[in-house]
Number of protein chains: 2
Amino acid sequence: MPSLTRIIERHIQELLERNGEESVFLSRKDLAERFGCVPSQINYVIRSRFTPERGFLVESQRGGHGYIRIIRLRMKKPEERANHIEELVGDVISEQEIKKLLANLQERKILTARERLLIEVAIRFQEQLCREMFDLSPFKREALHAELLKRLLRSIVLL
Amino acid sequence: MPSLTRIIERHIQELLERNGEESVFLSRKDLAERFGCVPSQINYVIRSRFTPERGFLVESQRGGHGYIRIIRLRMKKPEERANHIEELVGDVISEQEIKKLLANLQERKILTARERLLIEVAIRFQEQLCREMFDLSPFKREALHAELLKRLLRSIVLL
DNA sequence: GCGACATTGACTTATTCTGACCAAACCCAT
DNA sequence: ATGGGTTTGGTCAGAATAAGTCAATGTCGC
């Protein structure tokens, strides 16, 4: 039998499916009551399932009229996905290769110019940190770049 | 059911939208009457929603023909926006504040949802690295987040 | 029995709403 | 012109509400 976490995850996904809504507003208190669990269980479900890495944004507000809002992002044109990001990026990647890859994705309209810029800036900053603050080897730096790049691309390209 | 605060906020925003006005004059008393609340609720709405951080200025006058005027700041020049963001982020910023800031920037159409997602992923990755690999103090991590966030936002806001 | 994932609850933090009291600007009678 | 009454907005603190954090504990597959 599935875990409570799974059941609650399903429930939230179902709410999102309804009418293809792009977001749902939840009440942590009510959800916890409905599923007979402690409220912080809901935080666990969200923390482990509805992460930005998986294409979700979460907003919340405490206090009176509080809520948890889950926003699902999806591609406008699913056929324009870049599959095989793992292969494209690999385990290690140079800045040169990153630039080429990003240019290509932009060319194919998978990324906008601004998105590409964000990715380049994020990677450049990480490069600087790893080099100047932590004195990592070039190999380690390229491995970290590969990891960061994959996460970034997966989050917005593989929706 | 949205909160009263939210409803009043919407109402004021709508008044601003009309004809793209850059400011509105309100009567605290009348507003409170219309929405069936105590007058100081209006102050709360303004204090919490129409702040300089969100790009508003507020003037008011007591007595006889008193009023509250809400002015929406228009940052046309990219350089202005960049400075604004510089201030918003500061030298140190918590993840909580980052999330609120990004939601706000999206609300103001300064960011798209996808861009917001990319930024969240980049920051989360840095957080993970700084915590797990380099064991940095919370303060240092927040300082690095501020730096990364500023660079990311500056890069695309200047376009 | 180990490790990852799941569950719990005590404690913390944030937001909304209200009402009592304060301060300023106006207006009119003198 | 002036001073007190009226009109209008401002401040602050407290009660109620609801979400977040974190660390301890439990569970299940290997």
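Throughout, protein chains are lettered first and strands after them, A, B, ... in sequence-line order, and every chain is numbered starting at 1. A quick note: this is a predicted structure, and the numbers were derived from the prediction, not measured.
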K.L.:
I'd like to know whether CD of A:Glu17 has more than 12 heavy-atom contacts from other residues, nucleotides or ligands below 6.0 angstrom.
P.N.:
yes

K.L.:
Need one value for A:Gly64: base, sugar-phosphate or nothing, where a base atom within 4.0 Å counts as base even if backbone is also close, heavy atoms only.
P.N.:
base

K.L.:
Measure across B:Leu158 and B:Ala82 and return the closest heavy-atom pair with its distance rounded to 0.1 Å.
P.N.:
CD2-CB, 3.8 Å

K.L.:
Please work out if A:Ile68 contacts a base, only the sugar-phosphate, or nothing of the nucleic acid, heavy-atom cut-off 4.0 Å.
P.N.:
sugar-phosphate

K.L.:
Got more than 12 heavy atoms from elsewhere within 6.0 Å of CD, A:Gln96?
P.N.:
no

K.L.:
By the 4.0 Å heavy-atom rule, please label B:Lys100 as base, sugar-phosphate, or nothing.
P.N.:
sugar-phosphate

K.L.:
Applying a 4.0 Å non-hydrogen cut-off, can you work out what B:Gln41 is touching in the nucleic acid: base, sugar-phosphate, or nothing?
P.N.:
base

K.L.:
Does some side-chain heavy atom of B:Arg116 sit less than 4.5 Å from a side-chain heavy atom of A:Leu57?
P.N.:
yes

K.L.:
Base, sugar-phosphate or nothing for B:Tyr44? Non-hydrogen atoms, less than 4.0 Å.
P.N.:
base

K.L.:
Check whether more than 12 heavy atoms from other residues, nucleotides or ligands sit under 6.0 Å from atom CD of A:Gln128, and answer yes or no.
P.N.:
yes

K.L.:
Between B:Lys29 and B:Arg47, which is nearer to the 5' end of DNA chain D once each is assigned its nearest nucleotide?
P.N.:
B:Lys29

K.L.:
Please name the pair of heavy atoms, one in B:Arg114 and one in A:Ile156, separated by the smallest distance, quoted to 0.1 Å.
P.N.:
NH1-O, 3.4 Å

K.L.:
Using a heavy-atom cut-off of under 4.0 Å over every strand shown, decide if A:Ser48 touches base, sugar-phosphate, or nothing.
P.N.:
nothing

K.L.:
Which nucleotide span of DNA chain C, 5' end to 3' end, has atoms closer than 4.0 Å to non-hydrogen atoms of chain A?
P.N.:
C:dC5 to C:dC17

K.L.:
Map B:Arg49 and B:His65 onto DNA chain C by nearest heavy atom, then report which one ends up closer to the 5' terminus.
P.N.:
B:Arg49

K.L.:
Using a heavy-atom cut-off of under 4.0 Å over every strand shown, decide if B:Ser40 touches base, sugar-phosphate, or nothing.
P.N.:
base

K.L.:
With a 4.0 Å cut-off on heavy atoms, is B:Ile42 in touch with a base, just the backbone sugar-phosphate, or nothing at all?
P.N.:
nothing

K.L.:
Tell me, which pairs form a ring pair (Phe, Tyr, Trp, His ring centres under 6.0 Å) where one or both residues lie in residues 67-110 of chain B, sequence neighbours left out?
P.N.:
B:Phe25-B:Tyr67

K.L.:
Along DNA chain D, 5' to 3', what are the outermost nucleotides having an atom less than 4.0 Å from a heavy atom of chain B?
P.N.:
D:dT7 to D:dT11

K.L.:
Using a cut-off of 4.0 Å on non-hydrogen atoms, how would the nucleic acid contact of B:Gly66 be classed: base, sugar-phosphate, or nothing?
P.N.:
sugar-phosphate

K.L.:
Which atoms form the tightest heavy-atom contact between B:Phe50 and B:Val58, and what is the distance?
P.N.:
O-CG2, 3.7 Å

K.L.:
Would you say A:Arg6 has more than 12 foreign heavy atoms packed within less than 6.0 Å of its CZ?
P.N.:
no

